[in-house]
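Report on the following structure.
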Amino acid sequence: QVGFAADMKRVGYRYRNGKIEMLLWPALDLAPETYPTVETVLENVRGMEIRYLNTRGKWTEYWPDTRDISPLPRGLEITVTLSSGERIRRLFALNQGVAH
């Protein structure tokens, strides 16, 4: 295939055994038996937390949020705690410009 959709890939991240790993599948929609390639993106990690901001402005640790009809959260917060105790927090705005 050629074009924008053919270039899209399914990507995931996980915390496992003191590392944050990126999981990369060869395409968006795949059979259940398709496994991703796994790359370590950060080592010496003590923990990782993810929160989602729903369209009502409430933070939740689950998505999809069954109390929210929007297909995407309005925001995402990721907090990584390193083995040294340092914390890295990043906020991402999502679903901007869509009328609700």
Hey, are the side chains of Leu82 and Asn44 touching, using non-hydrogen atoms and a 4.5 Å cut-off?
no

Nearest 0.5 angstrom please: Glu39 CD to Glu21 CD, how far?
9.5 Å

Where do Arg74 and Thr55 come nearest, in terms of heavy atoms and distance?
CD-CA, 3.2 Å

Measuring from Ile88:CD1 to Ile20:CD1, what's the distance to the nearest 0.5 Å?
8.0 Å

Are the side chains of Leu91 and Leu53 in touch, meaning some heavy atoms are under 4.5 Å apart?
no

For the pair Thr37 (side chain) and Leu24 (backbone), establish whether a donor and an acceptor sit closer than 3.5 Å, ignoring hydrogens and angles.
yes

Tyr52 and Leu76 have their tightest heavy-atom pair at CE2-CD1, 3.5 Å

Report the distance from atom CD of Glu61 to atom CD of Glu49, rounding to the nearest 0.5 Å.
7.5 Å

If I compare all heavy atoms of Gly12 with all of Trp25, which pair ends up nearest, and what's the gap?
N-CZ3, 3.8 Å

Heavy-atom check, side chain of Trp63 versus side chain of Leu72, under 4.5 Å
yes

Taking every heavy atom of Met48 against every heavy atom of Arg14, the minimum-distance pair comes out as CE-C, 4.1 Å

Is Tyr15 reaching over with its side chain to a backbone N or O of Arg46, donor-acceptor style, under 3.5 angstrom?
yes

Shortest non-hydrogen contact from Thr81 to Arg87?
OG1-CG, 3.7 Å

Minimum-distance pair of heavy atoms, taken over all atoms of Ser83 and Val45:
OG-N, 3.6 Å

For a 4.5 angstrom cut-off between non-hydrogen side-chain atoms, does Val11 reach Met22?
yes

